[in-house]
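Shown next, in structure tokens, is the structure this report addresses.
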Amino acid sequence: MSSHNTTARITVRKLKDMKAQGEKIACLTAYDASFAQLLDNNGVDVVLVGDSLGMVIQGLETTLPVTMEDMLYHGQAVARGLQHAFLILDMPFMSDASVEQAVINAGRFMKQAGANMVKLEGGADQQELVSTLTRLGIPVCAHLGLQPQRVHKLGGYRVQGREHEAAERMLEDARVLEQAGADMLLLECVPVALAEKITQQSKIPVIGIGAGNVCDGQILVLYDILGISAGHIPKFSKNYMAESNDIAAAVKSYVAEVKNSSFPSAEHCF
Ligand code: KIV
């Protein structure tokens, strides 16, 4: 396949070019091959096998019980459905408890599931791990802001970085992690003004979820945009099935709204 083919696999380099050119990056989660193929065919740039699968697939209350084996099972299934989109796998809770353990686990994602990148939660405390993975050639997305794996420490699912000190700390976390070699940042539930500062100071793509349309791209949980998640739908999400006749149309509409910056609008932001 020619490197000029429009269906060529999206790479880390392409994602950085998209940021540089102001082209928004449309990301969604997926957990199986059929949905992965549908997202791939309908313009999604990045597919994340999130540990949100613990909640939306397994019916758990938090993401904490999700295991490496769960992630590998779903990661391998999603990989089989993708030809074009960039594939990220989430490091589950405790899989990165030490650098040694994290290296083995991230290596399994790359070797056994064909991941293009791993995502891990944490701030500057992950500096050593990010630089080790970078040295080994494993691209990293660093997840800042609300980190669901730390829900018990945070005392609930709440917006992060509202206070001046916390905002400064997050700006510094973003700097340190980019310096350590991270190729992407993800900001979850962060005030728009802070997300804008982080996006402007970073050369790597910054993907938002509940962080405003100022980021370089957006991500949502697939089952939320399809209106099939049980229970509470977060403020930052949108049910695209409400205005679409079928799933492919809903995904296309999400991608179009991310690309033209109409999603997220003020009602989805903090
Ligand atoms: O686990 C997940 O799906 C995530 C997204 C919500 C960003 O981390």
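Just so you know, ligand 1 is whichever comes first in the structure, and atom 1 is the first atom listed for that ligand.
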Donor-acceptor pair between [X] and [Y] side chains, under 3.5 angstrom:
X	Y	result
Glu257	Tyr240	yes
Gln58	Asp70	yes
Gln126	Asp96	yes
Ser229	Asp224	yes

For [X], atoms of ligand 1 separated by under 4.0 Å from a heavy atom:
X	result
Asp90	1 (O), 2 (C), 8 (O)
Gly50	1 (O), 2 (C), 3 (O)
Ile209	6 (C)
Lys119	4 (C), 8 (O)
His143	8 (O)

Should the proximity of [X] to ligand 1, defined as any heavy atom under 4.0 Å, be assigned to the side chain, the backbone, both, or neither?
X	answer
Leu53	neither
Asp51	both
Thr63	neither
Leu48	side chain

Exercise for review: Provide the closest heavy-atom pair for Ala36 versus Leu82 in the form atom of the first, atom of the second, distance.
Suggested key: O-CD2, 3.4 Å
Review point. Where is the tightest heavy-atom contact between Leu186 and Cys141, given as atom of each residue plus distance?
Key: CB-SG, 3.8 Å
Check your understanding: Polar-atom distance check: Thr29 versus ligand 1, any N or O pair below 3.5 Å?
Key -> no
Review point. So, is Ser52 polar-close to ligand 1, with some N/O to N/O distance under 3.5 Å?
Key: yes
Review point. Any chance CD of Glu128 has more than 12 other-residue heavy atoms, nucleotides or ligands included, within less than 6.0 Å?
Key: no
Practice item. Each residue besides Val151 in its hydrophobic cluster should be listed here, by chain and number; the cluster joins Ile, Leu, Val, Met, Phe, Trp and Tyr at side-chain heavy-atom distances under 4.5 Å. Key: Met55, Leu64, Phe93, Met94, Leu146, Leu154, Tyr157
**Study point:** Which residue and heavy atom of the protein sit nearest atom 7 (C) of ligand 1, plus the separation
**Key:** Leu186 CD1, 3.7 Å
